[in-house]
Amino acid sequence: MSSMPRVRFAPSPTGYLHIGSARTFIFNWLYARRHGGTMILRIDDTDAGRNTQDSEDSIFDGLRWLGLDWDEQYRQSERLDLHTAKALAIFEQGHAYRDFTPQEDAAEKAHATGASTWLCNPEMRELSREESDRRAAAGEPFVLRFRVPREPVREVGFEDEVYGAQSKSTADIEDFALLRSNGLPTYHMASCADDADLGITHIIRGQDHLTNTFKHVLIFEALGVAAARFAHLPLLIAPDGSKLSKRKHGPVVSVTTYRDAGFLPQAYVNFLCLLGWNPKDDREKMSIEEITAIFGFEGINRSNAVVNFSDEDPIDPKALWLNSQHLYALPVETLAALLEPWAAAAGWTPEPGQLLQIAPLIQERMKTFADFAAVADFFFVEPLPPYDAAELIPQKGAAAMAALVLERAKQTLAQTEFTHDALEQALRAAAAEIGVKAGQMFQPVRVAVCGRKVAPPLFETLAVLGRALTLARLDRALELVRS
RNA sequence: GGCGCUAUCGUCUAAGGGUUAGGACGGAGCCCUCUCAAGGCUCAAAUACGGGUUCGAAUCCCGUUAGCGCUACCA
């Protein structure tokens, strides 16, 4: 009987929610939800100097926007006693020692060893317990270092759920710090103590921690606890192959960018999932429920994934397409409701029910909500923004034809029922009567009513706009074409 | 420098000894059509390089190259 998995996402609050972090959260979340396990959010705020409340808030905001939740929450800084106690336990077991080398000298000595890797300072590693205690009692500052097994050297290994069997010689692992000279635990110490204490069963995190894992295995051993299972995720990288960084790549790495760009959270989650994971069939557009149903480590690949943005366009084209697919699949009622804040942002106040009428006309003409204002303006703006009178002139026609068509349209529309079928029938008949092609009839009307040639289908649009507004705009177009 | 990881169309990826190396985005073209979209169809586009193993290698092994990561009293 295996117990339910317990997984955690452990961000350090030093900036906004990074898309790579969001993806790590999602993969943890998927694993937990797939297996009926527990999702834990742990704020790794042991680096007091760099943590900010703003950052923490933006992480929460980002996760909430993505529609993600968690079952337990901890703050690492509130668990310092635990970390220190565990570090001391390791020390008492003889798996760690005090290093009294002043911080300034340490770097120098590490460099002095030349090209080869700094492993330890034998002088400190071999210090007798008596002397160590004496100097500590005298108040001399020290860092507590893990005593990596050296004689004999041995292999440290673990089985990664994604990368397979991993092993590394202790000859290549330095005596890393557990406690800083100010008494605070390092990341390695705090993280392992918490993972052990919280009963984390699967540590799912970025591949940048793959080599750190050997140290963590050593810590778990020294703590006398069974290590969690590990699953490392390929990293998200920039088109030039470099790691995505806030400093270098700016807004591209922030989840809020996609929210503000009018993405649907479920679409962005879908996009993130497809970076480094695939369902093994040809599905692309998937709901998070569908993904949860089949998520597993087998589907995760091992090479880093490029987020395909450019200087001209910070949005990955595939993310955009995926968003459009989710958008097109929305029920119109849902779409209409989601449009409200975007209408408000554009300064428009839709009539009750108006968005519901408009939604189906523009649904397949938006990639994101950011397109809404440009696509739907003529439904709300009166009078229309100025447009070039030349736009009113039909294909293979002249200004005279424009005037003729518009005049005839005006007469026709003054007495036609404003429904799709009636409008189409009447306008086609009108075109035939004055001897122009249907397109030569429709285009000037479209421009008169929408202010441009590119717009939703004409009859639906007219039906929504209504007779009064349509006739008023036709009048204005006539003035324009005659002047 | 040391150690670790990775390498399939421009990008995301499938194929894990036998396929014309598949799909998707993006690009090009055609169809549909009242414009624009959406949709349908077609085309161009990849196994980093070199050695093995094997009847047969994208796939297994070795090397090279490249990229990434770790190498802090950051996380």
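Residue-level contact check: A:K243 touches the backbone only, with heavy atoms under 4.0 Å from sugar-phosphate atoms and none from bases. Across all strands shown, A:Q440 has no heavy atoms under 4.0 Å from either base or sugar-phosphate atoms. Using a 4.0 Å heavy-atom criterion, one finds that A:E284 contacts the bases of the nucleic acid, with or without backbone contacts as well. Among the protein residues, A:N301 comes within range of the sugar-phosphate backbone only, with heavy atoms under 4.0 Å from sugar or phosphate atoms but none that close to a base. Among the atoms of the strands shown, none is found under 4.0 Å from any heavy atom of A:H232. Nucleic acid contact class of A:K215 (heavy atoms, under 4.0 Å, all strands): sugar-phosphate only. Heavy atoms of A:P141 sit nowhere under 4.0 angstrom from any nucleic acid atom. Residue A:P317 is classed as a sugar-phosphate contact, given heavy-atom separations below 4.0 Å to backbone atoms only. Within the 4.0 angstrom heavy-atom criterion, no nucleotide atom of any strand lies near A:A438. At the heavy-atom level, A:S181 lies under 4.0 Å from base atoms of the strands shown. Using a 4.0 Å heavy-atom criterion, one finds that A:G241 contacts the sugar-phosphate atoms exclusively. Base contact: A:V143 has a heavy atom under 4.0 Å from a base atom. A:N212 comes within 4.0 angstrom of a nucleotide base, judged by non-hydrogen atoms across all strands. Using a 4.0 Å heavy-atom cutoff across all strands shown, A:R452 reaches no nucleic acid atom at all.
Taking 4.5 Å as the limit, every side-chain heavy atom of A:L210 sits out of range of all side-chain heavy atoms of A:F230. Taking 4.5 Å as the limit, some side-chain heavy atom of A:L471 sits within range of a side-chain heavy atom of A:L474. Contact annotation: the side chain of A:N270 never approaches that of A:Q325 to less than 4.5 Å [non-hydrogen atoms, C-beta and beyond]. A 4.5 Å side-chain heavy-atom check between A:I219 and A:F176 finds at least one atom pair inside the cut-off.
Checked against the 6.0 Å centroid criterion, the rings of A:F146 and A:H188 do not qualify as a close aromatic pair. In summary, the aromatic rings of A:F142 and A:Y97 are positioned with their centroids too far apart to meet the 6.0 Å limit.
Considering every non-hydrogen atom in both A:A463 and A:F418, the closest pair reads CB-O, 3.7 Å.
Checked by distance alone, A:K318 brings a side-chain donor or acceptor within 3.5 Å of a matching partner on the base of B:A24.
Figure legend. B:C70 is base-paired to B:G2; pairs are counted as Watson-Crick or G-U wobble with both atom distances under 3.5 Å. The pairing partner recorded for B:C34 is none, the criterion being a Watson-Crick or G-U wobble arrangement whose two distances lie under 3.5 angstrom. B:G50 is paired with B:C62 under the Watson-Crick or G-U wobble criterion, all donor-acceptor distances under 3.5 Å. With a cut-off of 3.5 Å on both Watson-Crick or G-U wobble distances, the partner of B:A24 is given as B:U11. Applying the Watson-Crick and G-U wobble criteria (two distances, each under 3.5 Å), B:G16 pairs with nothing in any strand.
Across B:C3, B:C12, B:G10, the shortest atom-to-atom separation from the side chain of A:K168 is found for B:C3. Minimum atom distance to the side chain of A:P457 is reached by B:C34, of the listed B:A24, B:C12, B:C34. The nucleotide whose nearest atom lies closest to any side-chain atom of A:Y328 is, among B:A75, B:A24, B:A38, B:A38. Side chain of A:A177, nearest nucleotide from B:C12, B:C73, B:C34: B:C73. Considering only the side chain of A:D282, B:G23 comes nearest among B:G26, B:C73, B:G23. Proximity note for A:T211 (side chain, C-beta onward) versus B:C70, B:U11, B:U13: the nearest is B:C70. Looking at the side chain of A:L235, the nearest of the listed nucleotides B:G69, B:A75, B:U35 is B:G69.
Using C1' as the reference atom, B:U20 and B:C30 are 24 Å apart when rounded to the nearest Å. Spacing of P atoms, B:G4 relative to B:G63, comes out at 11 Å, to the nearest Å. If you take atom P in B:G22 and the same atom in B:U47, they sit 13 Å apart, rounded to whole Å. Here, B:A14 and B:C9 have their P atoms 12 Å apart, quoted to the whole Å. When the C1' atom is compared between B:A48 and B:C43, the two are found 26 Å apart, to the nearest whole Å. Comparing the C1' positions of B:A38 and B:C31 gives an interatomic distance of 14 Å, to the nearest angstrom. Annotation: B:G23 and B:A15 have their C1' atoms spaced 11 Å apart (nearest Å).
Toward the 5′ end of RNA chain B lies the nearest nucleotide of A:E460, the other residue of the pair A:Y187 and A:E460 mapping further downstream. Comparing A:D175 and A:A305 by the nucleotide of RNA chain B that holds the closest heavy atom to each, the one mapping nearer the 5' end is A:A305.
The only member of A:R145, A:R147, A:R150 that meets salt bridge (Lys or Arg N to Asp or Glu O under 4.0 Å) when paired with A:D175 is A:R150.
Regarding contacts with the backbone of B:A14, a side-chain N or O of A:K280 is found under 4.0 angstrom from either OP1 or OP2. In this structure, A:R365 does not reach the B:A38 phosphate: none of its side-chain N or O atoms is under 4.0 Å from OP1 or OP2.
Side-chain N or O atoms of A:R135 include none that pairs as donor or acceptor with a backbone N or O of A:E140 at under 3.5 Å. With hydrogens and angles disregarded, a donor-acceptor distance shorter than 3.5 Å links the side chain of A:T368 to the backbone of A:A261.
Enclosure of atom NZ in A:K285 by more than 12 non-hydrogen atoms of other residues, nucleotides or ligands within 6.0 angstrom is indicated.
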Enumerate the protein-to-nucleotides 5-7 of chain B contacts in which both atoms are nitrogen or oxygen and the separation is below 3.5 Å.
unit_1: B:C5; atom_1: O2'; unit_2: A:Q207; atom_2: NE2; d: 3.4

